[in-house]
Peer 1: 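Dumping the structure here so I can ask a few things about it.
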Amino acid sequence: MQVRTRFAPSPTGFLHIGGARTALFSWAYAKRHQGQFILRVEDTDVARSTPEAVQAILDGMHWLGLSYDEGPYYQMQRMEHYKTIIQKMLADGTAYLCYCSKEELDALREQQMQQGIKPRYDGRWRPEVDKHLPMPPAGVPPVVRFKNPDTGVVAWDDLVKGRIEIANAELDDLIIARADGTPTYNFCVVVDDWDMQISHVIRGDDHVNNTPRQINMLKALGANIPQYAHLSMILGDDGQKLSKRHGAVSVMQYDEEGYLPEAVLNYLARLGWSHGDEEVFSMQQFCEWFDLDHITPSAAQFNTEKLNWLNAHYIKACPMDKLMAETSKRLQPLNIYVEASSQLAAAIQLYRERANNLNQLAQDVAFFFAQPQPNSADVEKHITPEAISVMTTFVAKLSHLDWAVEAIHAVMNEVVTEQQIKFPKLAMPLRVMLTGGAQSPSIDQVMYILGREVAIQRINAYLS
RNA sequence: GUCCCCAUCGUCUAGAGGCCUAGGACACCUCCCUUUCACGGAGGCGACCGGGGUUCGAAUCCCCGUGGGGACGCCA
């Protein structure tokens, strides 16, 4: 059987981390089985869908590298097709017109809630044999409802959660077309999954409750029933549900915040899915391993610390060209404009080991290209009168030095021996003068990359 | 309220009845390395929600609690 999966976001906001994982899993499942991955934009909510959101989703997918084999399809462009099918259902009796007003329905819901029963449409316009229907009120445009079976159960074997059974008595006759004639979500999904021959529906588990209705409609249409896999939700770092108001951010924000897409992808892959003890793996490896059997049915809490760790790993592994481009881009907000160069490469090489974030990496190497703002506490602690004296001796030896790391290191040792001091007594003030702070990689290497002119100049600034 | 789902270290997870004295990873702690900060290396702390069954044997199967979550729209 041909595997065809789809990612079907509604363009009412950016692509967030939960959607990204759903997309990733759907994508990987298709890849794993040499199938097709389809992107479908569910934009039937005209009031809330925006072109900006469509673009944001496309951008997010692109940044993550989740390419699709078909699409993007837009449901709004398929209107006529939906309407045709609704007419057909009206004709064959699997759907009917309902003239209830919103007010009527609200009242019904409220009454049912008070009685402690599940709020649902009571079927007052549902045609039955020997049932006398009220006269359609004049001037009220009807909605179309699906005539859901009222007995028996709907069941499916969820590929993540196992068998789920729902009594049809729990379901009501959902609206498939609004009073203005536009079809609604549950209906469009069914038609599209059918038309697009989706074999596996992988989606968030907030759709579990829609599944029985969709299966019933699929059956009414004589369509094949796809397999379903419902992914549990991702909670925020604080264990709270992610929402627009709380914690949910665009995947693009991870770019802005200095994360490599490889890290985000790898992190997401391990959030709710596992392959034994494997933690770090490429997307190619992921696509070979990915299966639905090893998806956790319970909700997962997002952990930024672990993402940071993965990001550090991918920064270490990142090709220098890309790292230079990323760093130089992230240096610009600091008003530092540098092209790719051997100096930039050397600086990055020194700092990439200790960075877990691209923005941090840029900040770390910034002092190579612009005068650093000295940390006053470090200055006070390390730039002592004794240190000034040591540095005066040291800087004098720099002008004629063969400018190489080994030579610099040798001259440092020389000064340390002559002055009968411990190495840090030289290294620390030097570090502060050169970098502005007390933390850096080996200061001989830093000084080498900084260059003789700049090094001498920065030291002298403290000696005058 | 009704229906549905979920439950292993702080977090992500391994675990398909004996391989479990419950494994790995992040974080945390200690030590080593050391020129400061990191990287790295070696250790350590740390969990099967509770109660009943089933079984020779349960983290694993069943039931009941408890706790969490989701859904109940002319939203998707």
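So that the names make sense, note that chain A is the first sequence line, chain B the second, and so on, each numbered from 1. The analysis underlying the following values was restricted to heavy atoms, covering all of them including side chains, and did not include hydrogens, waters or symmetry mates. This structure is a prediction, so every number in the text was calculated from the model and none was measured.
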Peer 1: For a quick check, with a 4.0 angstrom heavy-atom cut-off, what is the B/S/- contact string for nucleotides 42-47 of chain B, read 5' to 3'?
Peer 2: ------

Peer 1: When we call it a touch if two heavy atoms are under 4.0 Å apart, what does Cys100(A) touch: a base, just sugar-phosphate, or nothing?
Peer 2: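 Base contact.
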
Peer 1: Do Arg213(A) and Phe146(A) meet the cation-pi criteria used here (NZ or CZ under 6.0 Å from the six-membered ring centre, within 45° of the axis)?
Peer 2: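 No cation-pi geometry.
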
Peer 1: Reckon Lys161(A) touches a base, only the sugar-phosphate, or nothing at all at heavy-atom distances under 4.0 Å?
Peer 2: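 Lys161(A): backbone/sugar contact only, no base atoms under 4.0 Å.
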
Peer 1: If you count every heavy atom of other residues, nucleotides or ligands that lies below 6.0 Å from Lys397(A) atom NZ, does the total exceed 12?
Peer 2: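 Yes, NZ of Lys397(A) has more than 12 neighbouring heavy atoms, counting only those of other groups under 6.0 Å.
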
Peer 1: Please tabulate, one pair per line, each protein N/O and nucleotide N/O from nucleotides 60-66 of chain B that are separated by under 3.5 Å, including the distance.
Peer 2:
none

Peer 1: Could you give the CD-to-C1' distance, from Gln439(A) to C39(B), as a whole number of Å?
Peer 2: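 Roughly 15 Å, once rounded to whole Å.
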
Peer 1: From CG of Asp158(A) over to C1' of C4(B), roughly how many Å is that when rounded to an integer?
Peer 2: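 After rounding, the gap between these two atoms is 11 Å.
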
Peer 1: Send over the distance from Arg203(A) CZ to C5(B) P, rounded to a whole Å.
Peer 2: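 Arg203(A) atom CZ is separated from C5(B) atom P by 16 Å.
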
Peer 1: Should the pair Phe302(A) and Tyr254(A) be assigned to parallel (<30°), tilted (30 to 60°) or perpendicular (>60°) ring geometry?
Peer 2: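 Judged by the thresholds at 30° and 60°, the geometry between Phe302(A) and Tyr254(A) is tilted.
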
Peer 1: Check each residue of residues 347-366 of chain A for a non-hydrogen atom within less than 4.0 Å of any atom in RNA chain B, then write out the ones that pass by number, or none.
Peer 2: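 Close to the strand are Glu353(A), Arg354(A).
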
Peer 1: Choosing from C74(B), A76(B), U36(B), which nucleotide comes nearest the side chain of Ala179(A)?
Peer 2: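 Closest of the options to the side chain of Ala179(A): C74(B).
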
Peer 1: May I ask you to check whether Asn186(A) and Thr184(A) show a side-chain donor-acceptor distance below 3.5 Å?
Peer 2: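 No donor-acceptor contact under 3.5 Å links the two side chains.
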
Peer 1: Compare all side-chain heavy atoms of Ile164(A) with those of His230(A) and state whether any distance is below 4.5 angstrom.
Peer 2: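 A side-chain contact is absent here, since even the closest heavy-atom pair is not under 4.5 Å.
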
Peer 1: Where along residues 208-221 of chain A does a heavy atom come under 4.0 Å from RNA chain B, residue by residue in number order?
Peer 2: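 The stretch gives Val208(A), Asn209(A), Asn210(A) as the residues lying under 4.0 Å from the strand, ordered by number.
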
Peer 1: Detail all sub-3.5 Å separations between protein N/O atoms and N/O atoms belonging to nucleotides 28-35 of chain B.
Peer 2:
unit_1, atom_1, unit_2, atom_2, d
U35(B), O2, Arg431(A), NH2, 2.5
U35(B), O4, His409(A), ND1, 3.4
U35(B), O4, Asp444(A), OD1, 2.9
U35(B), O4, Asp444(A), OD2, 2.5

Peer 1: Please work out whether C19(B) sits syn or anti, treating a glycosidic angle within 90° of 0 as syn.
Peer 2: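 In terms of base orientation relative to the sugar, C19(B) is anti.
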
Peer 1: If only side-chain N and O atoms of Thr184(A) are considered, is one of them under 4.0 Å from the OP1 or OP2 phosphate oxygen of G73(B)?
Peer 2: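 For Thr184(A), the contact criterion (side-chain N or O under 4.0 Å from OP1 or OP2 of G73(B)) is not met.
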
Peer 1: Classify the ring geometry of Trp273(A) against His275(A): parallel below 30°, tilted from 30° to 60°, perpendicular beyond 60°.
Peer 2: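 Trp273(A) vs His275(A) ring planes: parallel.
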
Peer 1: Have a look at Lys241(A) and say if it touches a base, only the backbone sugar-phosphate, or nothing, with a 4.0 Å heavy-atom cut-off.
Peer 2: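 Touches sugar-phosphate only.
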
Peer 1: So, does Arg109(A) get its side chain near the phosphate of G73(B), meaning an N or O under 4.0 Å from OP1 or OP2?
Peer 2: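 For G73(B), OP1 or OP2 has a side-chain N or O of Arg109(A) closer than 4.0 Å.
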
Peer 1: So, Thr211(A) versus Arg203(A): side-chain donor-acceptor pair below 3.5 Å or not?
Peer 2: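 The answer is yes; a qualifying pair exists.
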
Peer 1: Can you spot which of Phe281(A), Trp27(A), Phe25(A) makes a ring pair (Phe, Tyr, Trp, His ring centres under 6.0 Å) with Phe290(A)?
Peer 2: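 Among Phe281(A), Trp27(A), Phe25(A), the one meeting ring pair (Phe, Tyr, Trp, His ring centres under 6.0 Å) with Phe290(A) is Phe25(A).
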
Peer 1: Pick the closest RNA chain B nucleotide for Asp45(A) and for Leu307(A) by heavy atoms, then say which residue is nearer the 5' end.
Peer 2: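 Nearest-nucleotide comparison on RNA chain B picks Leu307(A).
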
Peer 1: Taking protein heavy atoms under 4.0 Å as touching, what does nucleotides 7-16 of chain B look like 5' to 3' if B marks base contact, S marks sugar-phosphate-only contact and - marks none?
Peer 2: S---SBSSS-

Peer 1: Contact class for Ser49(A) (heavy atom, under 4.0 Å): base, sugar-phosphate, or nothing?
Peer 2: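 Touches nothing.
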
